[in-house]
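To start, the structure under review is shown below, and the notes come after it.
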Amino acid sequence: MYQGIIVAGFGGQGVVSMGILLAYAGMVDGKHVTFFPAYGAEMRGGTANCSVIVAIDEIASPVVGQPDSVVVMNEPSFAKFEPMIKPNGRLFINTSLVSSRSKRDDIEVIEIPANKIAEEIGTLKIANMVMAGSLVDKTGMMAQKSLIDSVGKVYSRAKPEILKMNEVAIKRGAES
Amino acid sequence: MYQGIIVAGFGGQGVVSMGILLAYAGMVDGKHVTFFPAYGAEMRGGTANCSVIVAIDEIASPVVGQPDSVVVMNEPSFAKFEPMIKPNGRLFINTSLVSSRSKRDDIEVIEIPANKIAEEIGTLKIANMVMAGSLVDKTGMMAQKSLIDSVGKVYSRAKPEILKMNEVAIKRGAES
Amino acid sequence: MKVVFEETKGLTGVPMRYCPGCGHGIAHRLVAEVIEELGVRERSVGVVPVGCSVFLDEYINCDGIQGPHGRGPAIATGIKRSKPNVIVFSYQGDGDLASIGMAETIHAAARSENITIIFINNAIYGMTGGQMAPTTLVGMRSTTCPAGRSIEVNGYPFKMCELLATLPGASYLARTSLDKAANVIKTKKAIEKAFKTQIQGKGFSMVEILSPCPTDWGMTPRAAIDRLKDEMIPYFPLGVYRDWEKEEKERAKAREEDKVEA
Amino acid sequence: MKVVFEETKGLTGVPMRYCPGCGHGIAHRLVAEVIEELGVRERSVGVVPVGCSVFLDEYINCDGIQGPHGRGPAIATGIKRSKPNVIVFSYQGDGDLASIGMAETIHAAARSENITIIFINNAIYGMTGGQMAPTTLVGMRSTTCPAGRSIEVNGYPFKMCELLATLPGASYLARTSLDKAANVIKTKKAIEKAFKTQIQGKGFSMVEILSPCPTDWGMTPRAAIDRLKDEMIPYFPLGVYRDWEKEEKERAKAREEDKVEA
Amino acid sequence: MPSKGTIEVDETRCKGCELCVIACPHEVLALADTFSANGYYPAIMIAPEKCTGCKLCGIVCPDVAIKVWKE
Amino acid sequence: MPSKGTIEVDETRCKGCELCVIACPHEVLALADTFSANGYYPAIMIAPEKCTGCKLCGIVCPDVAIKVWKE
Amino acid sequence: MAERTLMKGNEALAEGAIRAGCRFFAGYPITPQNEVPEYMSWRMPQEGGFFIQAESEVAAINMLFGSAATGARVMTSSSSPGISLKQEGISYCAGADLPIFYANVVRGGPGLGNIAPAQGDYFQATRGGGHGDYRVFVMAPNSVTEMANFPKRCYDVAFKYRVPSMILADGILGQMMEPVEFDFDPVDPDTFPEFDWTIGDAAGRERRVVKSYDLRPGRLEEWNFERQKRFDTIEAEESAWDSEGIDDCELLVTSYGSCSRISKSAVKLARDNGLAVGLLRPITLYPFPKRAFKEAAKGVKNILVVEMSLGQYIEDVQLSVEGAAPIHFHGRPAGGIPTAEEIYEIIKKIMGK
Amino acid sequence: MAERTLMKGNEALAEGAIRAGCRFFAGYPITPQNEVPEYMSWRMPQEGGFFIQAESEVAAINMLFGSAATGARVMTSSSSPGISLKQEGISYCAGADLPIFYANVVRGGPGLGNIAPAQGDYFQATRGGGHGDYRVFVMAPNSVTEMANFPKRCYDVAFKYRVPSMILADGILGQMMEPVEFDFDPVDPDTFPEFDWTIGDAAGRERRVVKSYDLRPGRLEEWNFERQKRFDTIEAEESAWDSEGIDDCELLVTSYGSCSRISKSAVKLARDNGLAVGLLRPITLYPFPKRAFKEAAKGVKNILVVEMSLGQYIEDVQLSVEGAAPIHFHGRPAGGIPTAEEIYEIIKKIMGK
Ligand SMILES: Cc1ncc(C[n+]2csc(CCOP(=O)(O)OP(=O)(O)O)c2C)c(N)n1
Ligand SMILES: Cc1ncc(C[n+]2csc(CCOP(=O)(O)OP(=O)(O)O)c2C)c(N)n1
Ligand code: SF4
Ligand code: SF4
Ligand code: SF4
Ligand code: SF4
Ligand code: SF4
Ligand code: SF4
Ligand SMILES: [Mg+2]
Ligand SMILES: [Mg+2]
């Protein structure tokens with residue numbers, strides 16, 4: 001099992017924290033993991049993205065050139081990362097904010113109205129968790145439990161009710 | 001003909017200007033020349049010295065490791081440079097200020113009461129010219145005329161009577 | 001109805017990439033308006049700092065040069081001394097001007113180098129993500145003084161206008177703020193005066209502009225404006241700190257009075 | 001008869017290699033006497049500059065450290081922050097302190113770094129052979145301003161005490177001179193006060209000492225002393241520019257008066 | 001009362017910083033409650049009739065997003 | 001009148017800068033007219049009887065060449 | 001197995017230095033290493049150490065100079081332009097035999113360049129960007145765990161030989177997160193022996209002077225020869241490297257730092273496709289593991305050097321293998337990051353596949 | 001034959017730069033190059049140029065950065081520690097493609113070292129002491145006449161390729177006097193063509209920006225590749241060297257700069273004593289005359305490298321001759337000046353005489 005993932009969206013959509021959570025959860029799950037944020041001046045007020053690798057074997061290159069999975073949280077990210085996905089890879093689209101649809105037939109596309117689901121659960125802030133739930137479920141790269149258990153570790157200062165909402169979001173994501 | 005010369009004395013005794021004059025005169029005389037001053041912090045208030053080479057052939061190394069001739073204008077210079085002279089080389093001592101005498105029998109020693117002679121001519125400042133006159137005469141490295149002609153060029157702002165005294169000093173040096 | 005306010009030709013028209021509510025955008029526009037209005041745009045060179053405003057050259061419509069962090073005044077000196085007819089302004093942040101570039105700033109002022117400095121004091125290192133600046137207020141948090149700036153370790157924030165005012169070479173020095181429209185208007189006047197100082201060959205001019213950095217202050221633009229008003233201005237008083245013109249007049253007047261008395 | 005004046009144990013006894021009539025010798029002796037008399041010699045570290053006084057470590061009888069030109073205040077900061085009990089003084093020339101080291105000087109003062117600076121202002125670069133210093137007087141000749149310092153090119157000489165006095169972090173600042181015995185005695189008092197400032201943990205102290213450099217001024221020592229008196233002191237007024245003790249007392253008094261009034 | 005002035009906000013430039021809203025002396029402006037294409041809530045005129053064309057909104061806008069007309 | 005003080009100049013240290021000569025309020029000192037071993041004209045007492053042991057010469061000497069005694 | 005923590009490279013570097021006894025940090029912000037000073041700003045006080053944001057990189061290295069002279073384990077870090085500014089100070093540390101530790105989280109150059117990961121400062125790191133004859137002990141980690149553990153090794157070597165030491169990383173290593181395992185227990189600086197070269201408390205001993213100069217004729221030369229002997233010992237004893245599949249390979253690939261991770265993926269790809277390819281990576285860049293390279297080069301037909309710069313690292317390979325096999329080159333400067341696939345294509349081409 | 005003037009090396013350097021069109025000089029005093037700024041301070045105004053004593057070396061190089069961007073022929077000079085301080089600025093000049101000229105009159109290092117002549121800054125000069133992938137065109141004069149004439153050549157190359165250029169000298173060359181012959185007529189900067197990259201007067205043209213950065217993905221890499229091509233051309237076309245008796249020699253001696261003068265005396269001594277010894281000296285250190293070395297190495301039994309440093313220059317010789325003959329080394333660091341006699345003894349030993 002080797003999953004090279006890119007998560008992308010607006011700053012403020014929790015893209016980087018989702019990446020860290022995935023890496024942490026992968027580690028808890030006994031996998032090898034790396035996380036690499038895009039950083040820099042060109043990020044000011046623009047898009048944010050990061051790369052995560054979760055794998056059974058030791059990870060050599062931490063650079064994700066051709067992602068196995070891409071999570072796009074907003075429109076500009078779609079344009080930038082959709083073409084990079086490996087053949088037979090997966091594209092996770094937050095359809096609440098992204099209206100473009102992939103024309104590629106060599107990838108699997110998973111469409112999730114993440115904002116809508118998040119709103120239903122109680123806060124827009126957990127749209128990223130909905131996506132994470134779906135990603136972990138579809139790729140099978142780790143146990144859902146590992147992901148859920150990690151939330152409390154990564155957001156160690158979050159209140160119990162928020163943690164609970166995160167768990168719900170992950171599960172709803174997995175179901176959709 | 002190859003003459004590697006070191007001139008040494010107190011700061012203020014005209015050691016460096018004597019070196020420059022010798023190099024200049026050598027050039028006027030059609031020789032190859034180099035001049036290299038000792039410089040630096042350790043010179044503060046202490047001794048001054050410089051190396052001059054005058055030669056028929058092109059000069060490769062400008063560094064005078066073993067001088068053919070050494071001119072010592074004061075006591076400390078004697079101690080430092082007398083031992084360095086090449087076998088069969090020459091030591092020019094300003095006996096007005098240097099009381100040490102060489103014990104080497106493989107060099108020629110020329111003793112000149114330069115300060116006394118200079119005083120007689122009219123100013124202590126030309127003691128260095130007395131030594132230069134002797135050096136050029138004994139080594140035969142250039143025509144005395146080249147040396148005398150150069151004085152006016154190197155000290156271009158000097159008054160005619162001073163230049164005249166320099167000429168006298170050079171001649172008196174050559175005679176002693 | 002007539003257009004009474006629109007984008008100046010002093011700007012390139014490229015949308016600026018600064019954060020929402022960032023003062024750099026306002027300051028850029030003011031500089032652009034002034035060089036356009038004074039008719040010197042085509043012979044102006046902007047010395048671009050390292051800082052958020054490293055993008056300045058994309059926005060202000062004149063020649064530009066981008067060099068090492070903090071060395072704007074030295075670069076400006078090189079240009080001005082080679083081409084005295086060129087109008088040179090060095091645009092700098094507080095880290096750039098008052099930390100790494102302190103010596104260059106002070107020496108350019110002492111030489112009364114005939115250049116103009118636009119100094120954006122936002123009390124933080126914007127570009128690198130919110131570290132302490134030499135002008136960070138005591139008690140204010142940053143990523144390198146997470147418990148708040150302490151006098152004990154970091155000392156007192158610099159008041160650059162006051163410091164430079166002690167140098168005879170500083171011809172025009174003013175501190176303004178971007179907290180409200182009236183002060184933006186005053187800022188523009190100060191910038192204009194600074195450029196005129198240079199155009200008339202009167203020597204070193206600098207306008208220090210108190211400016212919000214909502215992002216690295218961790219605030220909404222609205223709250224940042226309030227901090228400008230409530231915390232920055234009280235510590236960094238606005239005003240003109242040196243004015244060669246006024247000083248010349250005063251000297252002339254003093255001479256007149258001397259004459260009358262005599 | 002009793003010995004009333006002899007070499008202090010604060011000196012090593014090694015004869016100094018400075019030029020005849022050079023002020024460094026006097027300043028060295030004063031510092032040496034003070035650290036000996038205050039009983040801190042064994043826990044003192046002298047930060048040795050690049051300049052003629054690069055030989056300081058051979059003469060003053062305490063630990064020493066010699067680093068890059070102009071960075072004394074930064075080096076002193078490193079020592080003091082690692083070993084607060086050590087008494088650190090940075091001995092610097094005008095080129096060292098006010099030209100290449102300007103930023104370090106100003107920032108150490110702003111931080112109120114608890115160190116002492118002995119600043120020898122001889123208005124020239126002594127060690128390198130007489131180039132213009134940031135304190136070279138207008139009109140004074142040097143090997144890099146052979147026609148005399150011009151305001152146009154080189155700007156105005158720095159008055160470091162006045163400049164630093166604007167910084168709240170500067171706790172004790174004084175300017176003294178070595179032109180005559182009375183002023184040498186005052187210089188020693190100022191040095192003593194500066195070290196006491198540090199010993200009592202009161203922050204940044206500096207004594208600026210106007211000092212002759214007969215060699216690079218191209219003068220006899222006697223004439224150099226006259227220049228100190230006639231040209232240097234008028235431009236660089238002697239006196240105390242900051243005194244934390246006085247300021248504390250004044251503040252206390254002001255508080256008292258407030259109370260009485262209330 | 002017909003307005004004495006009016007403004008135009010360039011939605012592609014506006015970043016919803018609200019500075020113009022604060023600056024307007026006549027409470028003409030507010031932020032929209034829907035995202036722009038750039039992901040910001042842009043400024044809009046909520047009381048256009050009150051606009052005097054005083055330019056203050058333009059003067060404080062960091063993104064040169066406002067154009068002002070006056071009679 | 002016997003002198004109230006006296007001084008000693010260390011000839012190996014004195015560089016003949018004359019500062020002590022200038023500083024002495026009683027014209028006790030002058031430079032010698034013969035070279036020292038270091039090539040300088042050292043300070044000497046020319047009116048030792050006038051010395052008060054006031055230390056001023058020592059205080060201004062850059063080369064710590066002077067030792068002063070007083071009654 | 002020690003507990004694994006997920007850490008950013010820059011934070012691991014900072015934490016690793018603290019655990020290795022670092023108690024003085026002076027730095028100045030610059031991307032992509034800002035997490036180092038930021039981490040230090042809150043961690044140092046917890047350990048009774050001192051953190052200061054200096055007014056500049058020049059001031060920072062000179063603060064280190066002062067602090068190191070008191071015997072403290074000191075650190076500074078920066079990225080390319082900032083490291084250039086420190087060169088004078090580093091030369092002084094070398095000249096005064098002060099053991100300092102610093103890190104360069106390299107970005108794209110020259111000049112302001114960009115803030116992307118790069119390896120363009122190899123020459124500067126290994127050949128002394130500063131003046132005079134000196135070297136710096138240079139380690140090139142390729143994982144966050146190595147970022148965490150190498151500071152300790154740097155201090156150990158720096159103090160043993162009294163030379164400067166550094167870590168040469170880049171934006172990848174600084175910014176990425178990986179699980180970290182520390183391979184040593186935290187060191188307590190209070191347990192260090194007294195050194196016979198530190199200044200600051202002269203009571204009961206001869207006074208000492210820390211300096212880098214000697215104007216007496218010939219003395220500085222002797223001192224340089226003595227220092228050179230220390231470097232000779234370092235070259236003989238302190239080099240380190242890592243290899244994979246070099247015993248039976250036809251093509252030897254070599255890279256250092258983050259780039260070696262990418263090369264490793266490429267080599268795996270090649271092996272998976274039946275090509276006899278091996279990987280050799282230097283862990284210390286100075287001293288360069290010359291012998292290891294000479295050995296490895298013996299059996300191979302070709303060597304491929306991959307670096308994120310335009311022909312710097314390759315010189316050390318050339319100097320080591322001395323023409324034993326043809327050397328091919330693939331360099332990506334100023335933030336260009338090669339991919340494993342791209343390297344694999346080059347491997348195939350060289351091997352005629 | 002042009003008239004010969006007796007000049008100090010530093011003065012010849014300054015005069016040579018002025019005659020080559022230099023009209024902007026910013027510097028800061030440091031021994032042993034003080035005569036350069038001192039000379040400039042009175043000569044520049046005579047030529048309508050500008051001299052400024054900057055507040056520091058850092059300020060000086062940045063003043064050059066500004067002035068060079070206007071198209072002026074600019075110069076700075078310093079000695080070792082001062083050159084280290086300029087490394088960031090030099091990297092920026094390289095990054096912004098600005099043609100600057102500077103001189104390093106090297107002294108003993110590392111650190112403050114001493115002020116004696118030395119060659120310890122070879123790595124820094126030839127390998128870019130600053131950050132990023134760039135090189136500097138480096139010339140190594142060995143006489144006062146070359147000090148006078150090389151600035152012109154430096155400007156020509158710098159402007160042709162828009163790269164930094166420098167002269168690597170030392171205290172011997174800076175301080176010695178020799179008769180000087182200029183091999184070119186003074187250049188009038190007013191006759192230079194207009195450049196299409198300078199800033200300062202935008203009327204009637206598109207505005208321009210001089211900068212060294214590009215944050216757009218991939219662009220900086222492209223720019224670096226383009227610059228590298230210029231360096232490739234420089235390597236192919238601009239190297240220069242000098243030789244004596246290399247056609248029939250058994251032992252090849254090689255040195256650069258002042259040291260090559262001393263080696264020349266040693267080689268003469270050897271020839272006079274019937275030994276087949278030749279001398280090869282690089283005149284450009286970057287580009288290094290690799291081909292000349294490769295050629296020369298072919299016939300010889302041994303090579304002797306003599307440098308006034310501890311093994312820096314030797315690396316370029318090694319990289320050039322690629323093991324063609326055994327290389328012997330004689331290095332004197334930090335102000336140690338070898339004598340011709342001392343080198344001759346080594347020659348004899350190597351040749352078994
Ligand atoms: C030599 C050097 N040091 C550090 C940096 C990193 N750096 C870039 S911008 C900056 C400071 C930005 O703060 P400021 O000058 O206040 O400008 P702002 O972004 O706040 O407008 C720093 C430290 C650099 N590029 N070069
Ligand atoms: C980086 C660097 N730049 C320049 C020098 C050369 N240098 C040595 S001392 C000095 C200045 C001396 O003047 P000052 O500081 O006034 O001390 P003084 O000799 O007058 O006491 C200079 C420029 C140096 N050693 N290092
Ligand atoms: S970080 Fe601050 S200074 Fe920089 S663009 Fe954003 S708001 Fe402006
Ligand atoms: S040059 Fe000047 S400062 Fe230096 S030792 Fe001589 S007199 Fe003193
Ligand atoms: S022009 Fe004046 S009144 Fe109209 S919207 Fe702008 S600020 Fe308000
Ligand atoms: S000030 Fe400008 S950017 Fe801000 S909300 Fe108003 S129009 Fe938009
Ligand atoms: S002690 Fe006083 S009186 Fe005696 S010589 Fe010295 S200065 Fe003159
Ligand atoms: S002051 Fe000292 S050095 Fe000068 S003449 Fe007097 S004794 Fe000699
Ligand atoms: Mg700022
Ligand atoms: Mg001085």
Side chain, backbone, both or neither: which part of [X] has a non-hydrogen atom closer than 4.5 Å to chain H?
X: C/Ile100; result: neither
X: C/Ser44; result: neither
X: C/Val50; result: side chain
X: C/Asn85; result: neither
X: C/Arg111; result: side chain

Just one of H/Val58, H/Ile61, H/Asn62 clears the side-chain contact (heavy atoms from CB on, under 4.5 Å) bar with C/Pro68, so which one?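 Among H/Val58, H/Ile61, H/Asn62, the one that satisfies the side-chain contact (heavy atoms from CB on, under 4.5 Å) with C/Pro68 is H/Asn62.
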Heavy-atom contact with chain C under 4.5 Å, split by part of [X]:
X: H/Ala203; answer: both
X: H/Phe24; answer: side chain
X: H/Ala96; answer: neither
X: H/Ile199; answer: both

Of the listed residues (C/Ile106, C/Asn61, C/Val45), which shares the most heavy-atom pairs with chain H below a 4.5 Å separation?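 Of the candidates given, the most pairs with chain H belong to C/Asn61.
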Which one of C/Ile87, C/Ile79, C/Val86, C/Val48 has the most heavy-atom pairs closer than 4.5 Å to chain H?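 Answer, by heavy-atom pair count under 4.5 Å with chain H: C/Ile79.
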Main-chain N/O of C/Cys62 paired to H/Arg207 side chain as donor or acceptor, under 3.5 Å: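 Yes, because the side chain of H/Arg207 sits within donor-acceptor range (under 3.5 Å) of the backbone of C/Cys62.
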Donor-acceptor contact present, side-chain H/Tyr213 to main-chain C/Val54, <3.5 Å: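 At least one qualifying donor-acceptor pair exists.
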Choice from H/Arg23, H/Glu88, H/Glu206 maximising heavy atom contacts with chain C below 4.5 Å: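 Looking at each of H/Arg23, H/Glu88, H/Glu206 in turn, H/Glu88 comes out on top.
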Could you tell me whether C/Asp63 and H/Arg205 make a salt bridge, using a distance below 4.0 angstrom between a side-chain N and a carboxylate O?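 Judged by the 4.0 Å cut-off on N to carboxylate O distance, C/Asp63 and H/Arg205 do form a salt bridge.
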Do the charged groups of C/Lys83 and H/Asp201 touch, with an N to O distance under 4.0 Å?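 No.
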So for atom CD, which belongs to H/Gln46, do other residues, nucleotides or ligands contribute more than 12 heavy atoms lying within a distance under 6.0 Å?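 Yes - once you tally the heavy atoms of other residues, nucleotides and ligands closer than 6.0 Å, there are more than 12.
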